[in-house]
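The structure under discussion appears below in the form of structure tokens.
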There are 2 protein chains.
Amino acid sequence: MSPNDPIRRQRRKEARPSELAAAALSLFIEKGFAATRLDEVAARAGVSKGTLYLYFDSKEALFKAVIEEGVVPLFDEMEAKLETLKDDPERLLREILLGWWEKVGMTDLGGISKLIIAEARNFPEVASYHHEAVIVRWMALLGRAIDIGIERGVFRPLDVPTLRQLVFFPLLMLSVWKNSMAGCVAGCPAPGLVSETYFDTYFDMIFRGLLVAPREESPR
Amino acid sequence: MSPNDPIRRQRRKEARPSELAAAALSLFIEKGFAATRLDEVAARAGVSKGTLYLYFDSKEALFKAVIEEGVVPLFDEMEAKLETLKDDPERLLREILLGWWEKVGMTDLGGISKLIIAEARNFPEVASYHHEAVIVRWMALLGRAIDIGIERGVFRPLDVPTLRQLVFFPLLMLSVWKNSMAGCVAGCPAPGLVSETYFDTYFDMIFRGLLVAPREESPR
DNA sequence: TAAATTACTGACCGGTTAGTCAGTAATTCG
DNA sequence: CGAATTACTGACTAACCGGTCAGTAATTTA
């Protein structure tokens, strides 16, 4: 926009794909997949639509890249935590769940969950990929953490596939909810903001149910 | 289709709106709002697209009508239950939650939740209407049930706005999940089918956390 | 500096679909 | 039964958008 440099265009082969993916992520979350126009994605990334097609074969390929770039890299970190905290199952589970909230749930990445839920029927291949690459892996991680607790006699021996859903769904739903309703509805705060009370009560409920010998109620 | 009655068309002014709304609901759930074509809605309701526009001003008006017809009538029934079971808070809460699952979660109506989550950003007015007409009312009902339990000293005095979410989200998420993933992903059963185990473990976890004096563990 | 390479552009095309409306046929009225 | 009414139809249009490609300009090479 500066007067002496009116229409200088840039060549930045390396940066384009991730910039386009980031622009696509934010628009997909805002408007959903079908309602997002590729012209708009390109504009937000500061290029033209033609450039987008240099790097992605189709709208669906872009969608898949968004998932790939955003979520998959996070797992190594989470799985490392499992090893270091084997001996304190309660703390392990707590950290895994809080970790998901901080790295995914409260960030833009949480929007991917909403996106998948919204578009799974129209793009079964993408949903299937996401299921394999993200959900299965995450649920396995949660399940192992709970298993460890049961093996050591710290958690009650309930049905693990059910437990990991019961434990995770309140967080997942909160994230999905905030990514879809924020701004539409009075009284729905921004995705980042969840009260301390929610987590206190959440862990209280979870561990009352999970632990073989619940600790005494915390003084109030 | 009978040979002597090849193209008899019918005039049924009263039945059309609800038939169209039902057709729209099923298609919206299958394909999402944006991907659903009005020709298809009309065809499924056995009329032409022109007829659809006799009864609904726009695609968005149709969307709103779907919500109105589907969900709102259910509340009277649920609120009646509150009165009749005031004296047994645990049973009251259990029946309310199971009632929601049977009347909404496991039926097509559960798809509306998914729909709203998917489209809230694109149709803030519709989302807002749904929030007022459905969510606020339902959460108030849940909250009152929990309040009763706390007042009578049966439930622990935790934060009620948080509790009602913690208690409801596992069911809501399950419904949303099944309405979006069923058929796309191996191992995701149809919306109606949830194992006994899920509910047993679910209520076990909830009431372990809620009750002041949990009953003894059920024998296994 | 001239030629070759290639990242990038944006006008364009073809298919799709929300919304319209002049016409048709079922029903009601006189 | 004929006329008037109205529920219903479906061909049409205007707009929109995913995807293409001939051309442009930045960069590298000789």
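Letters A, B, ... mirror the listed sequences (proteins, then strands); counts begin at 1. Everything quoted here is computed from the prediction, not taken from an experiment.
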| So which nucleotide from C/dA18, C/dA7, D/dG19 ends up closest to the side chain of B/Arg37? | C/dA18
| field | A/Glu40 and its salt bridge (Lys or Arg N to Asp or Glu O under 4.0 Å) partner, picked from A/Lys31, A/Lys49, A/Lys59 | value | A/Lys31
| Is any side-chain nitrogen or oxygen of A/Tyr53 closer than 4.0 Å to OP1 or OP2 of C/dC8? | no
| query | B/Leu54 has an atom CG; how far is it from atom C1' of C/dT20, in whole Å? | reply | 11 Å
| query | At what distance, to the nearest 0.5 angstrom, does OG1 of B/Thr107 lie from CD of B/Glu102? | reply | 10.5 Å
| task | Return the value, rounded to whole Å, for the distance between atom CG of B/Asp39 and atom C1' of C/dA18. | result | 9 Å
| query | Looking at residues 14-27 of chain A, who's got a heavy atom less than 4.0 Å off DNA chain C? | reply | A/Arg16
| Nearest-Å distance, CZ (B/Phe56) to P (C/dG19)? | 13 Å
| task | Evaluate salt bridge (Lys or Arg N to Asp or Glu O under 4.0 Å) for A/Glu90 paired with A/Arg94, printing each intermediate quantity in order. | result | CA-CA 6 Å; A/Glu90 182 179 346; A/Arg94 194 183 214 109; 3.6 Å; yes
| query | Which is true for A/Leu38 with a 4.0 Å heavy-atom rule: it touches a base, it touches only sugar-phosphate, or it touches nothing? | reply | sugar-phosphate
| Can you tell which of C/dC8, D/dC8, D/dG19 lies closest to the side chain of B/Tyr55? | D/dC8
| message | Please check if the number of heavy atoms outside B/Arg91 that lie under 6.0 Å from its CZ is greater than 12. | response | no
| field | Distance (rounded to the nearest 0.5 Å) between A/Leu174 CG and B/Met173 CE | value | 11.5 Å
| said: Rounded to whole Å, how long is the line connecting atom CG of A/Asp57 with atom C1' of D/dT20? | reply: 13 Å
Sub-3.5 Å pairs of nitrogen or oxygen atoms, protein against nucleotides 10-12 of chain C:
none

| Rounded to the nearest 0.5 Å, how far apart are CG of A/Leu115 and OG of A/Ser180? | 12.0 Å
| field | Validation row: B/Phe168, B/Arg164 side chains within 4.5 angstrom (heavy atoms) | value | no
| query | Relative to the 5' end of DNA chain D, which residue comes earlier, A/Ala34 or B/Lys13, by the nucleotide with the nearest heavy atom? | reply | B/Lys13
| said: Assess the residue pair A/Lys64 and A/Glu125 against the criterion (salt bridge (Lys or Arg N to Asp or Glu O under 4.0 Å)); give the C-alpha distance rounded to whole Å, side-chain angles, the decisive distance to 0.1 Å, and a yes or no. | reply: CA-CA 9 Å; A/Lys64 197 167 167 179; A/Glu125 281 170 52; over 6 Å; no
| Hey, does the side chain of A/Arg11 come within less than 4.0 Å of D/dT27's phosphate (OP1/OP2), counting only N and O? | no
| task | Using whole Å, report how far CG of B/Leu62 lies from P of C/dG19. | result | 10 Å
| field | Between C/dT17 (C1') and B/Glu40 (CD): distance, integer Å | value | 12 Å
| field | No-hydrogen, no-angle side-chain donor-acceptor test under 3.5 Å, A/Thr51 and A/Arg16 | value | no
| query | What is the distance, rounded to the nearest whole Å, between atom CG of A/Leu52 and atom P of D/dC21? | reply | 17 Å
| task | Could you tell me the separation between the CD atom of A/Gln10 and the P atom of D/dT27, rounded to a whole number of Å? | result | 8 Å
